[in-house]
Novice: 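Submitted below is the structure of interest, expressed as structure tokens.
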Amino acid sequence: MAQPVESFIRKTGVTAGVFNLVLNPFFTWLSNREMASVSLAGEAAIDTAITCFIMSLLVTLFISADTRRAIRDGTLKMTEWSLRAGRLLRRLPARPGLLGLLLGLAAAVVVTPCLTGLFSAFGVTSFSFIAFAALKAVYTPIVAYAVARWVILRQLAAAAV
């Protein structure tokens with residue numbers, strides 16, 4: 001039975017978000033087992049940029065394959081609305097690898113300065129390990145959901161051509 005696009009986006013985006021909610025703090029712990037503090041301008045900014053880039057690439061690769069399979073198998077019900085990706089999304093490549101690289105770069109360029117600027121404005125110069133892991137547990141599911149949504153819409157637009 002075919003499911004509507006919004007339902008597919010919601011289910012897939014939440015799944016990507018939950019995986020990142022669990023995995024990113026775990027990877028933070030693996031890279032900082034001594035649980036030392038993390039400086040905002042150095043380690044936190046670099047970690048955020050790398051996390052956004054790699055996470056977006058991986059989310060794109062997995063979700064592109066899942067979306068293409070759902071379209072091919074007819075389990076994703078394409079409607080007039082589902083074929084209307086925005087102009088910017090339509091201009092992005094449909095190939096998952098290149099799409100993931102571009103979305104990862106965009107996420108890193110947007111999220112890193114926003115987070116560092118926000119915390120700098122409040123005078124934060126470093127995070128405890130727990131605070132940094134909690135921060136990653138907050139922003140990575142949101143970014144993963146957004147990337148999942150864009151990937152699905154881009155794959156739908158590619159399938160409609």
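Sequential numbering from 1 along the given sequence is applied to the chain's residues.
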Novice: Answer whether the closest heavy-atom distance between the side chains of Leu115 and Leu135 falls below 4.5 Å.
Specialist: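 Counting from C-beta outward, Leu115 and Leu135 do come under 4.5 Å.
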Novice: Would you call Phe53 and Ile50 a side-chain contact if the rule is heavy atoms closer than 4.5 Å?
Specialist: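 No, side chains not in contact.
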Novice: So do Leu76 and Val5 actually touch side chain to side chain, heavy atoms under 4.5 Å?
Specialist: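 Yes, at least one pair of side-chain atoms sits under 4.5 Å.
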Novice: Apply side chain to side chain donor-acceptor pair (under 3.5 Å) to Thr112 and list each qualifying residue two or more places apart in sequence or on a separate chain.
Specialist: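 Thr112 satisfies side chain to side chain donor-acceptor pair (under 3.5 Å) with no residue once adjacent residues are dropped.
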Novice: Of the non-hydrogen atoms in Leu40 and Phe127, which two are nearest, and what is the gap between them?
Specialist: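 Here Leu40 and Phe127 meet closest at CD1-CE1, 3.6 Å.
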Novice: Under a single-linkage definition using a 4.5 Å side-chain heavy-atom cutoff for Ile, Leu, Val, Met, Phe, Trp and Tyr, are Val14 and Leu58 assigned to the same hydrophobic cluster?
Specialist: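 No, because Val14 and Leu58 fall into different hydrophobic clusters, even though each may have its own neighbours under 4.5 Å.
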Novice: Testing Leu156, Leu103, Val59 one by one against Val151 for a side chain to side chain contact (heavy atoms under 4.5 Å, CB included), which residue passes?
Specialist: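 Answer after filtering Leu156, Leu103, Val59: Leu103.
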Novice: In the structure I gave you, are the side-chain heavy atoms of Leu57 and Leu61 within less than 4.5 Å of one another anywhere?
Specialist: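 They are in side-chain contact.
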Novice: To the nearest 0.5 Å, tell me how far Ile152 CD1 sits from Arg10 CZ.
Specialist: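 Going from CD1 on Ile152 over to CZ on Arg10, the span is 11.0 Å.
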Novice: Grab the two heavy atoms, one from Ala44 and one from Val38, that are nearest each other, plus how far apart they are.
Specialist: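 Heavy-atom minimum between the residues: N-CG1, 3.5 Å.
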Novice: For the atom pair CD1 (Ile63) and CZ (Arg154), what is the distance rounded to the nearest 0.5 Å?
Specialist: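 The CD1 atom of Ile63 sits 15.5 Å away from the CZ atom of Arg154.
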Novice: Under 4.5 Å between side-chain heavy atoms, hopping through other hydrophobics if needed: is there a path connecting Val110 to Ile54?
Specialist: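 As far as the 4.5 Å side-chain criterion goes, Ile54 and Val110 are not connected within one cluster.
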Novice: Got a second to check how far Asn24's CG is from Tyr139's OH, nearest 0.5 Å?
Specialist: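 So the gap between those two atoms works out to 6.5 Å.
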Novice: What residues form a side chain to side chain donor-acceptor pair (under 3.5 Å) with Ser7, not counting sequence neighbours?
Specialist: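 Ser7 satisfies side chain to side chain donor-acceptor pair (under 3.5 Å) with Gln3 only.
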Novice: Out of curiosity, Ser64 OG to Arg95 CZ, how far, rounded to the nearest 0.5 Å?
Specialist: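 Ser64 atom OG to Arg95 atom CZ measures 11.5 Å (nearest 0.5 Å).
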Novice: Scan Val147, Leu23, Thr60, Asn20 and name whichever one has a side chain to side chain contact (heavy atoms under 4.5 Å, CB included) with Met55.
Specialist: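 Going through the options one by one, the only one that passes is Asn20.
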Novice: Considering non-hydrogen atoms only, spot the tightest contact between Pro25 and Ala137 and give its length.
Specialist: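 Where Pro25 meets Ala137 most closely, the heavy atoms are CG-CB, 3.7 Å.
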Novice: Determine, using the 4.5 Å side-chain heavy-atom cutoff (strictly less than), whether Trp29 and Phe27 are members of one ILVMFWY cluster.
Specialist: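 Looking at the clustering, Phe27 is in the same group as Trp29.
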Novice: Below 4.5 Å, heavy atoms only, C-beta onward: do Ile71 and Phe8 meet side chain to side chain?
Specialist: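 With C-beta onward as the side chain, the pair stays apart.
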Novice: Suppose we screen for ring-ring contact (aromatic ring centres under 6.0 Å, His included). Which residues come up paired with Phe19, at least two apart in sequence or across chains?
Specialist: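 Testing Phe19 for ring-ring contact (aromatic ring centres under 6.0 Å, His included), a comparison that skips the adjacent residues, returns none.
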Novice: In chain order, what residues pass the side chain to side chain donor-acceptor pair (under 3.5 Å) check against Asp47, with sequence neighbours excluded?
Specialist: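 With sequence neighbours excluded, Asp47 shows a side chain to side chain donor-acceptor pair (under 3.5 Å) to Thr51, Lys136, given in chain and number order.
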Novice: Please enumerate all residues that pass side-chain contact (heavy atoms from CB on, under 4.5 Å) together with Ala107, with sequence neighbours excluded.
Specialist: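 Ala107: side-chain contact (heavy atoms from CB on, under 4.5 Å) contacts with Cys52, Ser56, Val143.
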Novice: Is it possible for you to say whether Leu30 and Ile46 belong to one hydrophobic cluster, with membership spreading through side-chain heavy-atom contacts below 4.5 Å?
Specialist: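 No: no chain of side-chain contacts under 4.5 Å links Leu30 to Ile46.
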Novice: Who passes side chain to side chain donor-acceptor pair (under 3.5 Å) against Thr48, sequence neighbours left out?
Specialist: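 Not a single residue meets the side chain to side chain donor-acceptor pair (under 3.5 Å) criterion with Thr48.
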Novice: May I have the step-by-step check of side-chain contact (heavy atoms from CB on, under 4.5 Å) for Ile9 and Leu153, ending in yes or no?
Specialist: CA-CA 9 Å; Ile9 289 172; Leu153 292 175; 4.0 Å; yes
Novice: If I compare all heavy atoms of Ser37 with all of Glu43, which pair ends up nearest, and what's the gap?
Specialist: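 So the two residues come closest at O-OE2, 4.1 Å.
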